[in-house]
Amino acid sequence: MKMIKQLVIAIGLMLPMICAHAEVDKRARDLAASCAACHGTNGKSAGGFPVLASLDKGYFVAQMKDFKSGARPATVMHQMSKGFTDEEFELMGGFFAAQKR
Amino acid sequence: MSLDRRDFLKLGVAGIAVGAFPGLAFATSEIIPKKGQRVVIVGGGFGGATAAKYIRMWSNNKIDVVLVERNPQFISCPMSNTVLGGSRTINDLTRSYDTLKKKYGVKLVQGEVTAIDTQKQTVMLAKGHLGYDRLIIAPGVDFMFEQIEGLNAEVTEKSIPHAWKAGAQTVLLRKQLEAMPDGGVCAISIPKAPYRCPPGPYERACQVAFYLKNNKPKSKVLILDANPDITSKKGLFTEAWKDLYPGMIEYRANAMVTKVDVAGKAVSTEFEDVKADVLNIIPPMKAGVVASLAGVVNVDNRWCAVDFISYESKVHKKVHVIGDSVSAALPKSGYMATSQAKICAAAIIELMQGQAPDQAPTIANTCYSMVSDSEAMHVAHIYRFNAEKQAMIAAEGGGVSAQRSEVEGMLAGHWLENVLNDVLM
Ligand SMILES: Cc1cc2nc3c(=O)[nH]c(=O)nc-3n(C[C@H](O)[C@H](O)[C@H](O)COP(=O)(O)OP(=O)(O)OC[C@H]3O[C@@H](n4cnc5c(N)ncnc54)[C@H](O)[C@@H]3O)c2cc1C
């Protein structure tokens, strides 16, 4: 039983990696799409707001966490960031990192 | 299909013909022959145009999209109050639909949808019909003129503009302010919530005051609000009025306009009659009339209830509703319409492939308000689907600006460019 359970979890963890190249993670894509009014479609802002496309994932996640904790001051991102979980930061970070500028 | 008498009259000959003899729907020609899976979208505003672009983009152009819009060009309501203040012209807010056609292959049909047959899955225009597999209704709002005695569409076009759809009426209202004598009064009336753009009327009061302060400093702005209090960004607006326009803006709560005297330039509330040199009555609103033609208006005879996973109507399958027409505890904004459009687009693509859509949609909304030519403030929230309540609920952490600022004034301008690009480019 335990072994089967572990196997299922292992396959579950691998699945996103297997699929990563074939298809974008739709949950990540849809979450990221809600940022486009300010940061542009797929993070390609035309000005004023930072470009998120091709931002390093680690940098992205760190910024989101800093906005959330208040460590990085902001006009609006402190409010936006609080609406998401850390896992969602990872998802969005992966999506934006894969977008070309 | 539940049509009230007014809607039937508005429908005109085409609608009555379809209503009475459904077979006649096919007496007209097919405007663009349907091949393969097709989504028809009624209304090319913030919601409809975004849905068109995103369905094409996210389906790798596999799903055919026909967008039906009555106007030849897109005119943005967001920032249209600054046309009254004078820092923008209506041309600055006007965009073309060309990129949606050329870059994304959206098929654009210019015209008025006059009837919808949800049984035959057909949309009717004067020049013919369009068949669909799924329909998105995104008509924005229409006005409940019947709630204000003396007011009708013609009056708003000629003498008492609501200017709550950006365009000719915005320009007319600006001209009336230019013609107003110094020492005059501009009255702005606000309907009971829910209405399109909660902070919009208070932003408008700022923009009108901005123009008057610089050109006719003895004049006044009188706000007649049907609501018991300022409905959005209250602290920030009252502060801006006090600091930037001292003594110029008078606010009256619980002042619902019920009657207008067009020739005498006066309005009546329950308590008083008010005369003004320029009258800007923002009438109560409901889902765009075309939603009732499709029979999807089912809340208070005004709004459309939807499933927030897919924005499918609670009345008819395969008919989705997005934007201002939706019944929800969500602000009716352009940003919100784009957010809903993307969730709807993603869900439709999945449903057309027999897959389940995302069960936990999460969306954002922000509205910047310009209180002068340079300063702005915002309200921002994330909304997450709550399965138990079957509703979109504001996540913790949202809120308004700490204070109005020039930094946010700059950002508001950039927001307009970026959001219009996201909708149309
Ligand atoms: C003064 C003002 C300021 C605002 N400021 C902001 C802001 O700063 N930020 C913000 O996010 N929102 C703002 N808004 C709100 C925003 O404009 C609306 O919430 C938004 O337009 C709603 O999008 P929609 O797609 O539902 O409707 P719309 O954008 O109105 O689009 C509906 C479209 O459908 C078309 N249509 C309707 N019926 C038919 C038919 N039968 N046949 C063919 N076509 C049809 C219409 O012509 C229209 O183009 C403001 C609104 C106003 C009035």
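The basis for the numbers below is simple: all heavy atoms, side chains too, and nothing from hydrogens, waters or symmetry mates. It should be emphasised that the depicted structure is a prediction, and the values quoted were computed from it without experimental measurement. Each chain gets a letter, A, B and so on, in the order its sequence line appears, and its residues count up from 1.
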**Asked** Who wins among Met80(A), Arg29(A), Lys82(A) for the most heavy-atom pairs under 4.5 Å with chain B?
**Response**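 With the most close heavy-atom pairs to chain B, the winner is Arg29(A).
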**Between Ala37(A), Gly83(A), Cys38(A), the one whose heavy-atom pairs under 4.5 Å with chain B are most numerous** =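 Answer, by heavy-atom pair count under 4.5 Å with chain B: Ala37(A).
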Given the options [options], which has more heavy-atom pairs under 4.5 Å with chain A than any of the others?
options: His381(B), Glu408(B), His414(B), Met425(B); answer: His414(B)
options: Thr50(B), Ile363(B), Ile343(B), Ile382(B); answer: Ile382(B)
options: Glu396(B), His378(B), Glu417(B); answer: His378(B)

**Request:** Give me the ring orientation class for Phe49(A) and Tyr368(B): parallel if the planes are under 30° apart, tilted from 30 to 60°, perpendicular past 60°.
**Result:**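 Geometry flag for Tyr368(B) against Phe49(A): tilted rings.
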**Request:** Measure the spacing between CE of Met377(B) and CE of Met370(B) and express it to the nearest 0.5 Å.
**Result:**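 Going from CE on Met377(B) over to CE on Met370(B), the span is 10.5 Å.
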Between [X] and [Y], does any side-chain N to carboxylate O distance fall below 4.0 Å?
X: Arg27(A); Y: Asp358(B); value: yes
X: Lys57(A); Y: Glu90(A); value: yes
X: Arg384(B); Y: Glu88(A); value: yes

**Prompt:** Which of these, Asp422(B), Val106(B), Val65(B), Thr338(B), sits in a side-chain contact (heavy atoms from CB on, under 4.5 Å) with Lys53(B)?
**Reply:**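 Only match with Lys53(B) under side-chain contact (heavy atoms from CB on, under 4.5 Å): Asp422(B).
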**Message:** Given heavy-atom pairs under 4.5 angstrom as the criterion, report whether the side chain, backbone, both or neither of Tyr383(B) touches chain A.
**Reply:**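 The answer is neither part of Tyr383(B).
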**Prompt:** Does any heavy atom of chain A fall under 4.5 Å from the side chain of Val400(B), the backbone, both, or neither of them?
**Reply:**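 For Val400(B), backbone heavy atoms alone lie under 4.5 Å from chain A.
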